Amino acid sequence: MSYKVVVVGATGNVGREMLNILDEREFPIAEIAVLASRKSLGTEVSFGDKTLKTKDLATFDFTGWDMALFAVGSEATKEYAPKAAAAGCIVIDNSSLYRYDPEVPLIVPEVNADAVFGCHKKNIIANPNCSTAQMVVALKPLHDRARIKRVVVSTYQSVSGAGKEGIDELWDQTKSIYNPVDNKPPTKFTKQIAFNVIPHIDVFLDSGDTKEEWKMVAETKKILDSEIKVTATCVRVPVFVGHSESINIEFEEFLDEDEAREILREAPGIMVIDKREDGGYVSPVECVGDYATFISRIRQDVTIENGINLWCVSDNLRKGAALNAVQIAEVLGNKVLKKG
Ligand SMILES: NC(=O)c1ccc[n+]([C@@H]2O[C@H](COP(=O)([O-])OP(=O)(O)OC[C@H]3O[C@@H](n4cnc5c(N)ncnc54)[C@H](OP(=O)(O)O)[C@@H]3O)[C@@H](O)[C@H]2O)c1
């Protein structure tokens, strides 16, 4: 079994991680093409020990290719994903464009892998928002045991969630703080991100929530359970890679903190690091380059009847984007395409 795979947005943060992960996980590839915008034509990107040259998305013919992993943002996705899908190439999309389309499965393989059987309605599968992906991995095994009623989540999201420009802005602004002549005012973010935190990701909605906060609510319902109530506050922090979340969970049934810890230890995709001592928890710099969603600080919330608090950290470019997309590709190959 091997597949003809296209990586779209191969010069970006997520696209490069997709190539790393396809190689690391030895995804069965018969042929691979890497695409970006015309300005990057011929740019070299690494794939294992090979170097590949990017082609222009605008002129690429998707006919005969099995799957395309898109990481180019909603605008380019809107133009090119339907073309790939119409050519019979199944799109696995990282943008938010198709996530809420009832005809498009939204998948986190640890949670709802079987949703992949709905992929042929549009030949498109959506990858969730980075903050949602790691949260539902943590929630799923606990929900199976004690039924979640309500989740209160606050996020601490790294600048790489805002693409290459986000990383550059934190880097340049941090240096410029020490050299005021070289002042770097905010452009990608709405306020100074160096040595600061910003409680604003994506646009504001009429409700007062931001779109990022709304995404966590809508996507958790679509992936895990439409009955679960979620309220989110999403915050950008001056961390390069790795999103963190403080999650408060209210269950229908009582769940003891020790049992919750054991359930999470056994669950797929999760690594529990939870010692009640200095450094006995995971911080974002330690999760970079890892596949796992790390859970720490698991404890009873005694202010409600059936409550648990926990701390959840993951590499947003991996589980939050590229790894999840490659895992979907694996599920697509194993369950649907079964090429051989
Ligand atoms: N970063 C995250 O944590 C994260 C998590 C989940 C989802 N996502 C989503 O993944 C997507 C990519 O994010 P990213 O962080 O990788 O962004 P990025 O680092 O800014 O990279 C964007 C990529 O898209 C390409 N691109 C942009 N417009 C294009 C066009 N019109 N035609 C062809 N290629 C085009 C760029 O090519 P050039 O280099 O040629 O411009 C580049 O390869 C976005 O939809 C984002 O919302 C990101």
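Every number for a ligand or one of its atoms is a count from 1 in the order of the listing. Since the structure is predicted, the reported quantities are computational estimates derived from the model, not experimental observations.
- Counted by atom type alone, Thr210 and Glu213 present one or more donor-acceptor pairs between their side chains at under 3.5 Å.
- For ligand 1, none of its N or O atoms has an N or O atom of Cys130 under 3.5 Å away.
- Protein heavy atom in closest approach to atom 34 (N) of ligand 1: Ser37 N, 3.2 Å.
- Between Pro128 and ligand 1, no N or O atom pair is found at a separation short of 3.5 Å.
- Classification of Glu75 and Lys78 as a salt-bridged pair fails, no side-chain N sitting under 4.0 Å from a carboxylate O.
- For ligand 1, the atoms closer than 4.0 angstrom to any heavy atom of Leu317 are 1 (N), 2 (C), 3 (O).
- The closest protein non-hydrogen atom to atom 3 (O) of ligand 1 is Asn316 ND2, 3.0 Å.
- For ligand 1, the atoms closer than 4.0 angstrom to any heavy atom of Ala36 are 33 (C), 34 (N), 37 (O), 40 (O).
- If you look at Asn13 next to ligand 1, the close heavy atoms, those under 4.0 Å, come from the backbone and the side chain alike.
- The distance from atom CG of Asp274 to atom CG of Leu264, rounded to the nearest 0.5 Å, is 9.5 Å.
- Taking the six-membered ring for Trp and thresholds of 30 and 60 degrees, Phe204 and His200 have ring planes inclined between 30 and 60 degrees apart.
- Taking every heavy atom of Ser40 and a limit of under 4.0 angstrom, the matching atoms of ligand 1 come to 38 (P), 39 (O), 40 (O).
- Distance from atom 21 (O) of ligand 1 to its nearest protein heavy atom, with residue and atom name: Gly12 CA, 3.2 Å.
- The pair Arg318-Glu24 meets the salt-bridge criterion, with a side-chain N (NZ, NE, NH1 or NH2) lying under 4.0 Å from an Asp/Glu carboxylate O.
- Protein heavy atom in closest approach to atom 15 (O) of ligand 1: Gly163 CA, 3.3 Å.
- Under 3.5 Å, the side chains of Glu219 and Thr132 contain a donor-acceptor pair of N or O atoms.
- Contacts with ligand 1 closer than 4.0 Å are made by side-chain heavy atoms of Lys39 only, the backbone lying farther away.
- For ligand 1, the atoms sitting less than 4.0 Å from at least one non-hydrogen atom of Ser95 are 45 (O), numbered in the order shown with element in parentheses.
- With atom 25 (C) of ligand 1 as the reference point, the heavy atom nearest to it among Asn94, Asp93, Val72 is part of Val72.
- Residues meeting the side-chain contact (heavy atoms from CB on, under 4.5 Å) test with Asp114, sequence neighbours left out: Phe117, Lys335.
- Near Gly320, meaning under 4.0 Å from any of its heavy atoms, are these atoms of ligand 1: 5 (C), 6 (C).
- Every atom of ligand 1 is numbered from 1 in the order shown, and the set under 4.0 Å from a heavy atom of Thr11 is 36 (C), 37 (O), 38 (P), 39 (O), 40 (O), 42 (C), 43 (O).
- Looking only at atom types and distance, the side chain of Asn13 has no donor-acceptor partner in the side chain of Lys164 under 3.5 Å away.
- Side chains of Gln157 and Asn316: a donor-acceptor N/O pair is absent below 3.5 angstrom, by distance only.
- Of all protein heavy atoms, the one lying nearest to atom 20 (O) of ligand 1 is Lys164 N, 3.6 Å.
- Nearest to atom 22 (C) of ligand 1 by heavy-atom distance, out of Gly73, Ala71, Gly166, is Ala71.
- The CD1 atom of Ile125 sits 5.0 Å away from atom CD1 of Ile107, with the distance rounded to the nearest 0.5 Å.
- Note: Phe240 and Trp171 have tilted aromatic rings, judged against thresholds of 30 and 60 degrees for the angle between ring planes.
- Checked by distance only, ligand 1 and Ala162 stay at 3.5 Å or farther apart across all their nitrogen or oxygen atoms.
- Between Tyr178 and Phe195, the two ring planes are perpendicular [angle over 60°; tilted spans 30° to 60°].
- Ranking the protein heavy atoms by distance from atom 16 (O) of ligand 1 puts Val14 N, 2.9 Å first.
- For the side-chain hydrogen bond (donor to acceptor under 3.5 Å, both in side chains) test, no residue two or more places apart in sequence or in another chain qualifies with Asn306.
- Here Ser160 has backbone heavy atoms under 4.0 Å from ligand 1, and that is the only part of it that gets that close.
- Within ligand 1, the atoms closer than 4.0 Å to a non-hydrogen atom of Leu57 are 32 (N), 33 (C), numbered from 1 in the order shown.
- Each of the following atoms of ligand 1 lies closer than 4.0 Å to a heavy atom of Ala76: 29 (C), 30 (C), 31 (N).
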